[in-house]
Amino acid sequence: MNRPTYIHAVVLGLFCLGFGLMLALLDLVTEEDIALRMVEDKQSSLAKVIPANLFDNNLVEDVLKVSDPSGAEVEVYRAKRAGKVTGVAYEIKGSGYAGAIRLMLGVDAEGRVLGVRAIAFKETPGLGDKIDEKKSDWITKFTGLKLGAPPKEKWKVKKDGGQFDQFSGATITPRAVVGAIRGGLEFFDTHKAKMLETH
């Protein structure tokens with residue numbers, strides 16, 4: 001290796017080392033802020049699906065892990081008042097027109113929906129994005145419902161013989177959400193004893 005090439009290699013090596021150290025330092029500095037932001041986002045999602053009068057505990061810290069039918073672990077956030085579990089919230093998923101739809105579902109101890117909110121999706125603006133409470137009140141209409149009220153076979157969009165409205169020009173998105181909520185309520189029914197257990 002001749003001298004100019006050697007010098008360039010050393011300079012490039014030092015530059016890469018300096019850049020790497022800078023990135024590592026930046027990661028250390030922002031790690032705590034990122035973790036705090038994630039907790040705040042989780043608290044915000046939970047506050048939309050579990051009314052404040054149902055708990056006096058820290059929802060984010062009272063987590064129970066329960067396996068879903070596929071064997072994946074689901075984090076169940078438990079609302080407690082005076083030590084008694086009054087409700088739970090957990091993430092459910094549906095497959096929409098443009099990919100996965102992530103929702104947060106809140107359920108009371110009797111299996112009634114306390115609230116549902118879309119937390120991540122890529123549905124078509126102006127059509128499928130009506131699952132967002134900021135765009136439409138459609139998703140709030142599940143509050144107070146449970147399996148059996150309406151009957152299980154009615155937990156579908158109207159186009160499929162169920163009782164829930166679909167969106168004009170966008171049936172796939174509401175179909176996915178209704179199916180996800182129904183599945184989330186079935187998950188609650190299956191694991192109700194474990195979710196409501198107090199230690």
Check: [Y] main-chain N/O paired with [X] side-chain donor or acceptor under 3.5 Å:
X	Y	answer
Asp56	Ala82	yes
Glu133	Ile139	no
Asp160	Gly162	no
Arg182	Lys152	no
Thr86	Ala79	yes
Thr171	Gln166	no

If you define the side chain from C-beta out and look only at heavy atoms, does anything of [X] sit under 4.5 Å from [Y]?
X	Y	value
Val178	Phe142	yes
Val116	Leu105	yes
Leu145	Pro150	yes
Asn58	Asp62	no
Lys80	Leu59	no
Arg81	Leu54	no

Specify the closest pair of heavy atoms between [X] and [Y], including all atoms of both residues, with the distance to one decimal.
X	Y	value
Gly148	Trp155	N-NE1, 4.5 Å
Lys65	Glu75	NZ-OE2, 3.5 Å
Ser136	Lys130	CB-O, 3.3 Å
Ala180	Ile92	O-CD1, 3.5 Å
Val49	Met104	CG1-O, 3.4 Å
Ala98	Lys122	CB-O, 2.9 Å

Return the [atom1] to [atom2] distance between [X] and [Y], rounded to the nearest 0.5 Å.
X	Y	atom1	atom2	value
Asp189	Leu147	CG	CG	5.5 Å
Arg175	Lys159	CZ	NZ	6.5 Å
Leu103	Ile119	CG	CD1	7.0 Å
Gln163	Lys154	CD	NZ	8.0 Å
Leu196	Leu64	CG	CG	10.0 Å
Phe167	Trp138	CZ	CH2	4.5 Å

Same cluster (ILVMFWY, side-chain, under 4.5 Å), Val177 and Ile172: no
Connected via hydrophobic side-chain network under 4.5 Å: Phe55 and Val60: yes
Step-by-step side chain to side chain contact (heavy atoms under 4.5 Å, CB included) determination, Phe187 to Val66: CA-CA 10 Å; Phe187 177 73; Val66 181; 3.7 Å; yes
Aromatic ring proximity, centroids under 6.0 angstrom, Phe188 and Tyr90: no
